[in-house]
Peer 1: 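If you scroll down you'll find the structure; I have some questions about it.
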Amino acid sequence: MFTSDTIVSFITSCNGPVSGIRVSGDKSLEVLKKIFVPEYKKKDIKFIARKVYLGDFVSENGFIDQGTAVFFKGPASYTGEDCFEIFFHGTPLISRLIVNSIILNGVRVADAGEFTRRSFLNSKIDLLQAEAISEIYQTRNEKALSLVYNNLKGTFSKEINEIRDTLVGVISGIEAYLDFPEDEVEAGNTKTISLEVKSIQKIIRDILKNRESCDYIRNGYRIALFGMVNSGKSSILNQLLKEDRAIITNIPGTTRDIIEGEISIKGILYRFFDMAGMRLTSDTIEKIGIKKALKMAKTSDLILFVTDISLEDQELNLKLEKKLKKYKHLTVKNKCDLKKSVENENSSTELLISAKTGVGFDELVEKIYSLTVGDLKMDDEIFLINERQKSHLLQTIESLDLSLETIKNGYTLDCVSVDLYDALNYLKEIIGEISTEDILDRVFSTFCIGK
Amino acid sequence: MNSKDKYEILVVGLGHAGCEAALVASRRGHKTAAFSINLDNIAMMPCNPSIGGPGKSHLVYELSAYGGEMGRNIDNCFIHARMLNESRGPAVYSLRMQADKKAYQYRMRKVLEGQENLDLIEAEVAELMIKNDVIYGIRCADGREFNAPCVILATGTFLGSRIIIGKTSYIGGPHNELSATKLSDSLRNAGLQLDRFQTATPPRVRRESLDYSKFSELPCDDNVGFSIKYKGTRHCNIPSYLAYTNEDTIKIVQDNLQNSPIVIGNITDSGPRYCPSIDRKVIKFPKNLRQQIFIEPEGENSEEIYLQGLTTSMPADIQEKIIRTVSGFERAEIMRYGYAIEYDYLPPGQLKITMENRNIKGLYSAGQINGTSGYEEAAVQGFVAGLNATLFLENKEPFIPARFESYIGVLVEDLVTRTIVEPYRMMTSRAEFRLSLRQDNADKRCIDDGYKYGLIDKEIYSRVKNKYYAIDKELGVLAEFKINPNKENNKILDQIGSVPIKKTYFAKDILNRKEIKYPDLKKFGYELNSDIPQEWLDIILTEIKYSGYLCRQQKQIERLRKLEDYKIPEGFDFSKIKALSNEAKDNLHRECPNTIGEAARVCGVNINDISIILNYITGK
Ligand SMILES: Nc1nc2c(ncn2[C@@H]2O[C@H](COP(=O)(O)OP(=O)(O)OP(=O)(O)O)[C@@H](O)[C@H]2O)c(=O)[nH]1
Ligand SMILES: [Mg+2]
């Protein structure tokens, strides 16, 4: 199956005030001239690239709609091929008529992601950038978006290229040593090679370590609201979301199902889960209920343990809190408005708030952020890494490990190089590029060899 | 014979490529005529007096196993030999022999003269006779015409050659031979594309004028050889030495760079990076004051000494000044000055992998005319071109060695698919599968084809076959013989100085331990095979020791093989893939390859292009 024909696809929703279509391929201009007549009815108009034209969309049966068209001459287009984009009134009927008239001119409907794939095949973007583009559509918060753009702008590619460059340096040293035995090349020192290989591994490991941050940046944190019935969990959720998401009553046991809500703190996504509260049955706490709620809490990144501070008897809360010891949690003492004098100050794991008045919520939000993001790197140095990239990075490390083992076992450098080349190929695959001549280029530019 | 006689194959030039081409053609029973501008210069070595070295030795070993002559020839007239890289791994072990240049020429000439079906003719070939893109003969400068359906061009650096020393330059071939001035025009008229390369050679000094007490003598290895027949029959008899440049040398070069052709610019910049002149080395690495100079005698009957490492084409008086700074060279007398030579070559993208021209049927080219460098690279191309010419005449499948089978395969594939920016030299790093392509197993890899084409005689063939039969058998026994972790065995191990074993080992695994030698196995009750010479044992040990890596490489080769056969849909339109270079697109369009393997061998198509094509075809 190969695709080099002209393709068409919607680039906006086909049902909005205005809809857009993109066509890409050699036939683009020809098709555009058939389906679009610019104002003044100049039929054989020369479309100047990147200029917006107003005109009529037509089919064999005549006028369809009025709208605009832009022609892009390859390679200065998204796909690198000749392209055009048209915009018209976004009704299902008009959309269908226009697409039909394009298809009747020998154009095929594009597969998902095909424009971007062509862009990659035509060397407009590398593989990392292509992946970043598809990532944009799955990104739900600002921080993640800024990282995606890092990849899109080629920052990640640059980092990988730097690693690759270092590795090429190591290999070219070995090659100079092997191919020019009589030249006094000092690159054959296995200790130095091991050190260099290890330093490359460290850089890759750091990138992978930051992957944890990127997972959070991409997917956000899960926060569980946990506590006794009637402690004010649902009220806290509503206060955080600044909307009436959960039903609040003074009847203990109001919330039954898990209720979700999202907010963004400093660009990071947080998903809160309001759950059924724990209940007192005879003198003991309902064990099964706790288990279930704890299970939910366990899978979250942070538990907000909500207590009603207005109650005289805090024994149950203390008991419950013990159960949470093992898990990352923050004790939130709610309803502080009902207490006249507040004896203890906010400590590192405790916070006084009121869901009713909003007191302490700024601190709460700050606290949630610092308890989750904490030491994770959240600056621009980190990259969004998908599964494919991760697996290639791991394979690179593995191949480098093998080469280290080869050195350790006293094998000669011709064997060591086998795995170094493997590592190099994995790195190249990340960017989706294969080249062969850079090793020798480096040999000759770095080492004074040859007679 | 006179000029009316019909030949089947004409070989133009009798350097290292021409000799092999002429021999393989005539040995396979085809009437062959070989032309040289001067018959005294058959198999001349105008540059370094040696054959072999990393990558190159692999070529010569393979050529020998195919039935070529170079290995046999050097085995009979070397004066010094070294096994290089012995500590750097079996893949890169490489033999290099210093040649007695004249002896080398005489022996080769004798072989050619004694060869049935082969006529040697002294003439300058001036013109190709081509009709409808098919070659039918050549015309000499003196007007004689020779007809044949196959012509192999092996003109080396003689084509349109120009000598450059300092600011001076004049028309001439290597060692002031005649330049082949007319043929270039004929090639151009035939629509071939020509380009220019340059290379240079160091000055030669008088042997007696050097002070040998200042040099270190280079070690010599005996009992070596490239050919199966003559290996170990001759010994080193003239030593080589090593000297070093010093601060003064570098300073004189630096002070006189304005006289260097590469600075003056009266020479093309496309020279070999692996063989830089002292001028270039000083420009690029000015801090490197102590550079090696190898002092290599050119032969028993010559006083000339070749100075490997001191290549330059500076003016004569400066060459003298440079040389005299070197310790031991204070009174050195230069017999021949170094010079650069610039010549026409045919960018090898115009070749098919058979060494036949893509556009002109029956026209082959081999050696430096294809933009390569080195005697060895030339010789193997001569062989491939000559053999394929005979197969073409016999209407048989061409001989196309694959890059995972031999260095020769690497060379021919690189030549036709890669863009050559400097004279192409073989290096082990060019062979992705070098662990499998060792010089020690070249005979195993190539002998079958050599025998099949009738270039290896029965006796040699069965010798190699028996050798590998014995090796494989022994490997089998070693893989099955068990050594149990009992007291006695561990005591033996202890005596040898080896760690005791806790589980059952096979003999081959025990042998993998450095401290354990083959004869030690006897102590464990293993029956030693006394018929196995040390050399075979070395192969056995290499196979055992590197089996893990060899296995991995074998897997990579299988992957490549699979890709080789990956079908390209009929009528696939390469021009639609914008990422391909225009050259690759045009050539793919013209050649219409059926498989990825074929596409990879189309001129101007590199591995990057292949991955893009695959991506397109598979939609991944
Ligand atoms: N005064 C005061 N009342 C509060 C505060 N937070 C919650 N309440 C009240 O406490 C009662 C219970 O609140 P909810 O938010 O429904 O408590 P819950 O923990 O979700 O209860 P369940 O879902 O039954 O487990 C309601 O009447 C709220 O109005 C607060 O900070 N101050
Ligand atoms: Mg509730």
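We name chains A, B, ... by the order of the sequence lines, and we start the count at 1 in each one.
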Peer 1: Sort Tyr411(A) into side chain, backbone, both or neither according to what part of it lies under 4.5 angstrom from a heavy atom of chain B.
Peer 2: side chain
Peer 1: Using distance alone, with no hydrogens and no angle criterion, decide if Thr412(A) and Arg88(B) have a side-chain donor and acceptor under 3.5 Å apart.
Peer 2: no
Peer 1: What part of Arg552(B) gets closer than 4.5 Å to chain A, counting heavy atoms only: side chain, backbone, both or neither?
Peer 2: side chain
Peer 1: Salt bridge check: are Glu543(B) and Arg438(B) linked by an N-O gap of less than 4.0 Å?
Peer 2: yes
Peer 1: Checking heavy atoms, do the side chain of Pro90(B), its backbone, both or neither come under 4.5 Å from chain A?
Peer 2: both
Peer 1: Looking only at heavy atoms, which two atoms of Pro423(B) and Ser373(B) are closest? And how far apart?
Peer 2: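 Looks like CB-CB, 3.6 Å.
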Peer 1: If I measure from the heavy atoms of chain A, does Asn512(B) come under 4.5 Å with its side chain, its backbone, both, or neither?
Peer 2: side chain
Peer 1: For the CD1 atom of Ile102(A) and the CG atom of Leu32(A), what is their distance to the nearest 0.5 Å?
Peer 2: 8.5 Å
Peer 1: May I ask you to establish whether Arg22(A) and Phe84(A) are in a cation-pi arrangement, using a distance under 6.0 Å from NZ or CZ to the six-membered ring centre and at most 45° from the ring axis?
Peer 2: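 Pair Arg22(A)/Phe84(A) does not count as cation-pi.
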Peer 1: Do Arg108(A) and Asp5(A) sit within salt-bridge range, that is, some charged N less than 4.0 Å from a carboxylate O?
Peer 2: yes
Peer 1: Looking at Gly53(B), Pro202(B), Ser277(B), Ala91(B), which one has more heavy-atom pairs under 4.5 Å with chain A than the rest?
Peer 2: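 Of the candidates given, the most pairs with chain A belong to Ala91(B).
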Peer 1: So which residue, Cys415(A), Gly80(A), Gly74(A), Pro75(A), ends up with the most heavy-atom pairs under 4.5 Å with chain B?
Peer 2: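 Option with the top pair count is Cys415(A).
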Peer 1: May I ask you to name which of Ile278(B), Asn85(B), Leu307(B), Ile293(B) has the most heavy-atom pairs under 4.5 Å with chain A?
Peer 2: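 If we count pairs closer than 4.5 Å to chain A, Asn85(B) comes out on top.
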